[in-house]
Every structure is written in C-alpha cells, then in structure tokens.
Amino acid sequence: MLLEMAESELMHKNFYTVCRAGFADDVVFIRQTDDRPDIYYSDLHAQSGRIANHLTELGLTKGDRVMVQVEKSPQNLFWYFACLRAGLIYLPLNTAYLEHEIEYFVSDAEPSLVLCDPQKQPLIDNFASCPVHTLDDQGCYSKELPTQTDFKDIECADDDIAAILYTSGTTGKPKGAMITHANLLANSRSLSDAWQWQKEDVMLHALPVFHVHGLFVATHLPVINGSTIILLSKFKPDEVIRYLPESTVYMGVPTNYVRLLANPGFNQQACKNMRLFTSGSAPLLVQTFDEFQNRTSHTIVERYGMTETGMNTSNPIDGERKPGAVGKPLAGVEVRILDDDDNPVTDASPGNLQVRGKNVFKGYWRLPEKTAEEFTEDGFFRTGDIASLDQDGYIAIMGRDKDLIISGGLNIYPKEIEAVIDKIPGVLESAVIGLPHPDFGEAVTAIVVAEENRKDLTESSIISQLKSQIAGFKVAKQVHFVNELPRNTMGKVQKNILREKLNPQ
Ligand code: MLC
Ligand code: AMP
C-alpha cells in the first residue's frame, strides 16, 4: 500500500520534490555545532535552488554527472539536493581517495563537473576534461552563485538516476551503482515506517555523507519527515556524547559503538532522551550489543543493507531485537535464501541471500553484462551475502560469498590491494585477508612472498608504498612475509588456511 503510494507520488517529480512537500520552511534543517547559526528548511530550498540555477547556467542537463569529493558540511548537502532538483546525477566520493583512484572514477563516470576540496583541484585538473570547482570545509564555493533562488524542479521518471555510488568489485575495479529517484523514495518511506519516525525526532549525524548509510539513510529520513539534523563533521566520541542529550536518533557502524563504549562519559544519562540507536554496514558483535544494553538500557536496532539495494531488513521497533540478527524484510522488500543449486533453503541452514523490490538499484554504470550476471531471471539481486532464517522469520548474516573485507563499515576488496602490492619491485605475489580487529571489526592483513635477499622489503616499506597509492582505510594494518602461499589443486590461494594460521582460535 505504502509503496504503491510512493510510486504514484514520484510521477513527474523528483525525490527532492516529494521531500519538499513534507518539510516546513520555519523548521530547523541543520543545527550546527560551535554556536554557528541554525539552518532552516527555507535555507535548504533557497540555497539548493541557487545551486541548481548555477548548474543549469553552466550548461549541465538531465543525466549529467556531478562528481563531489568534499568535506562534510551543510553546503555539501545543498549541492546534493540541488543535483536531485536539476535531474543531475550526484556522484559522491570518499575523501580518502588518492590520485589514481580519483582518476579512475573520472574516466569511468565522465562527469560534467567535479566539485572538490581546494587542495585537490590542481591534481584533478590534470586529468579531468570538465571544469573542476572547489568547496572548502567551511562551505565556501570557488565561484559566485546566482542570487535567483527560485528553480523549477526537473521532472523525473521512476527509473531516472539520482546518484551513482561506486562499490568495489571482486575484479578489483570499482563499479558505479545507479540508484534511481524511485529507489530513494521507496527506501526512505519503508524505513520511516519501520522505525516509526516522528517529525519531532532529532537526528545526530556523525557518519560520512559519501555512502548510502550517511547520505541516504541518516539524511533522507529527517528530510522526508521535515525533522532536524545535528550535523557533526566527523565521528568524535566526545562530540557525539555532548550532543546526544539534544537528540533522539543516532545511526552508526559497529566501530562507532565500540568507540562510544570505550568512553566512560557514554552512559544512561547521556542517552536519556534517545528513542533509537541503529547499527549497520558491518556485523555488530553480540558482545557490543550486550555491552550497549547494559551500559545505556537501550537496545540497538541492527539493520542490513547494501549500496545496490539500500536497506533490506531491520530488527523491529516493537518486538524482539535479536542480537546477531538483522531482522525481517522491510515493507516492499522480498528476500529469499537459496542453496548453491538455486533451491530454496527450507530450514535454518545458511544459503545465498537474494533480494527484490523497489529499493533495488537499476544496474552498474556502463556494465550491462555485469548487471545481468548479478540479477536472476526473475529479477532478484544476488547480494553475495550468506544468510540464514530462523523460526521467527529473522535473518542473520552468516558470512559472504564474495572475497570482501569490511573494516570500520568500509568495504575493501582484497584483489585491489593485492594488485598494488604485486607491483612493488621485489614482490613475487601476495594475498590480502581480513582478520578480526577489536576496533574496525576486520583489519586488512597482507601476506607477501618476496624475491630472495630483498632485505629492503619490510612491513613498513610495504605499508608506506600502499599509503602513497591508495586511500588510508585500505592500507594493510599488518604485513607478513612467507616463502609461498598455500594453494589448492586448482592453484587458487587458500585464504582460509592463511586466516587460520594468523588467527588461531
Ligand atoms: C579510517 N582509517 C581506517 C578506517 N577509517 N582504517 C581501517 N578502516 C576504516 N574504516 C584509518 C585512516 O586511514 C588513518 O590511518 C586512521 O585510521 C585515522 O583516520 P581517521 O580519518 O581519523 O579515522 P576515523 O575518523 O577514526 O574513522 C574511523 C571511522 C570511519 C570508523 C569513524 O572509518 C567511518 O566513518 N566509517 C563509517 C563508514 C561508513 O559510513 N560506511 C557505510 C557504507 S554504506 P593512518 O595510518 O593514516 O593513521 C554500507 C551499506 C549499509 O555499507 O548497509 O550501510
Ligand atoms: P556496501 O557494499 O558498502 O554497501 O556494503 C554492503 C555489505 O555490508 C553487505 O553486502 C553486507 O556484507 C555488509 N553489511 C551491511 N549491513 C550489515 C549487517 N548489519 N550485518 C552484517 N553485514 C552487513
């Protein structure tokens, strides 16, 4: 019912226009920290209108890409909504990405405009064939915006692309997930409903805004309901604790919760006005779930999602929130678990998780074959996650079919790191695995086979080479040297043996 309504509401509008109908101009959109003035929903509308006018004056038209790699700020969000209003495709990048990573995204996405931090501009200018403008961490833009705030929002169909978010791939090359206006609407509506969002809720926002979690879930829910966001530029435990008493909702990755629990100031008093804590993007350890409950008397709502699908399942607001489980499918999301022969799993054994619904993306940017591979004939998306279903209908994520490390809520594909290590002179081959880590959940670990007598190759030399070439979060936290990698009869590296050896239980 809800989703039928969502579809008809989007007709001839875009996701922003639907949000606009739900927010009031005189309500605070963003409460800033450090005594900076409040930003109202009227400001969001006026500023996004000016930017949309500017983008149009620059000659950008529907479907063009705007690539954005800037620090988190209210202005960053104005740009996001301006793109939606102008029918442009918003393409956010992790600020940790370095030169050759950005160069790949520019060549693959062919943006019509890049917006970046001033320090990155000369570098990106070297390889981008489009204009490169800057927005600094205070929200100052390098050009003058028009004064005209009125803007006639561009009409969008359900499957018009609102954003492209890159996700890494098993081949080592990131793929752009094309997310439509209808995907955004369906997911924010079903989550609002599932989490019983109220207009009066105040969202304490400490996530980055270049991923689904921070950009879509933690921003859309307040905006579609016309609620206030307390916007923190980064996750800092002391700052989160300081603003919790003025908030009602907090969303985090498990590392955020581990770090909050390590702070003695995080207690029942700090959380007394809170209605909801949610966790996702990586598995939440039962130990963290329990410790959180004991410390705060609140129970974390764990949910499960992906860049390609938005949110799929959630533990309930009313009803049992099970530790180690990600809950039941959200409204409008169909979920099934199949064995390796594609037969439905009928008991609680683990199998391959597939999802279908209006939340599921349109496909990978300019990769029709890859897109076709990831969908079944009847339209289910193969998540690559291994899941099981209990007798109460709760899903638990048991593992992954894909060779993927999730560190502090960020995905890292070993293949990409191995390719960089293998190019270091003196390295014969390498294998990259994830090992349990108390802070990040999993930590990138490299196992390297070096040529004989390469005394210059050490853990720190490999780490510093990686740091110069790839984003810091992907850099191996540890490097081990071995004489050879264990392989099976097919010649495939047996990563399970490496994991067992380096992390004996
Ligand atoms: C930073 N570093 C990391 C890291 N983040 N290393 C491993 N894993 C990470 N996630 C490294 C940096 O390179 C640096 O290394 C050092 O840690 C300090 O950097 P920092 O920038 O000060 O880090 P910090 O602020 O502490 O960041 C940690 C974090 C952040 C956990 C707050 O990573 C974060 O916000 N994670 C959330 C990501 C997220 O939003 N995921 C959602 C994806 S969407 P050095 O060596 O230079 O000191 C998705 C779908 C879904 O998955 O279901 O939601
Ligand atoms: P991303 O590609 O960054 O969107 O990450 C999506 C992946 O994160 C999923 O395919 C899962 O493997 C993982 N993930 C997200 N939420 C959870 C969760 N609550 N528990 C376990 N894994 C999760």
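For reference, positions follow the sequence shown, starting with 1. Counting convention: from 1, in listed order, for ligands and their atoms alike.
Using a 4.0 Å cut-off between a side-chain N of Lys or Arg and a carboxylate O of Asp or Glu, D378 and R336 qualify as a salt bridge. The pair K175-E374 does not meet the salt-bridge criterion, since no charged nitrogen lies less than 4.0 angstrom from a carboxylate oxygen. Under a 4.0 Å N-O distance rule, the pair K173/D108 does not qualify as a salt bridge. The residues D401 and R382 are annotated as not salt-bridged, no charged nitrogen and carboxylate oxygen being separated by less than 4.0 angstrom. Under 4.0 Å is where a charged nitrogen must lie from a carboxylate oxygen, and between K370 and E373 at least one such pair does.
Ring pair Y257/Y250 is perpendicular by interplanar angle, where above 60° counts as perpendicular and below 30° as parallel. Ring geometry, F381 versus F375: the interplanar angle falls from 30° to 60°, so the pair is classed tilted.
With respect to atom 46 (O) of ligand 1, the closest heavy atom belonging to the protein is K467 NZ, 3.1 Å. Distance from atom 17 (C) of ligand 2 to its nearest protein heavy atom, with residue and atom name: A282 N, 3.7 Å. When only non-hydrogen protein atoms are considered, atom 7 (C) of ligand 1 lies nearest to S407 OG, 3.0 Å. Protein heavy atom in closest approach to atom 20 (P) of ligand 1: K234 NZ, 3.6 Å. From the protein, the heavy atom lying nearest to atom 2 (O) of ligand 2 is N411 ND2, 2.7 Å.
In this structure, the ring of F210 has its center no less than 6.0 angstrom from the ring center of Y80. Proximity of the aromatic rings of F473 and F440 is defined here by a centroid distance below 6.0 angstrom, and this criterion is not met.
Neither the backbone nor the side chain of H437 comes within contact range of ligand 1; no heavy atom lies under 4.0 Å. Contacts between P208 and ligand 1 below 4.0 angstrom, taking non-hydrogen atoms only, involve the side chain exclusively. Contacts between D385 and ligand 2, counted as non-hydrogen atom pairs separated by less than 4.0 Å, involve the side chain only. The side chain of E302, and not its backbone, has at least one atom closer than 4.0 Å to an atom of ligand 2 (non-hydrogen atoms only; side chain from C-beta on). The proximity of F440 to ligand 1, defined as any non-hydrogen pair under 4.0 Å, is limited to the side chain.
Atoms of ligand 2 found under 4.0 Å from any heavy atom of I406, numbered from 1 in the order shown, are 8 (O), 12 (O), 13 (C).
The shortest heavy-atom distance from R303 to ligand 1 is under 4.0 Å. Heavy-atom distances between K236 and ligand 1 stay at or above 4.0 Å for every pair.
At a 3.5 angstrom cut-off on N or O pairs, G408 counts as close to ligand 1. Here's the thing with K477: one of its N/O atoms is less than 3.5 angstrom from an N/O atom of ligand 1.
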In residues 233-242, what donor-acceptor pairs under 3.5 Å come from side-chain atoms, sequence neighbours left out?
from	atom 1	to	atom 2	distance (Å)
D238	OD1	N263	ND2	2.9

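Of the listed options P254, S281, S314, S279, S281 places a heavy atom closest to atom 14 (N) of ligand 2.
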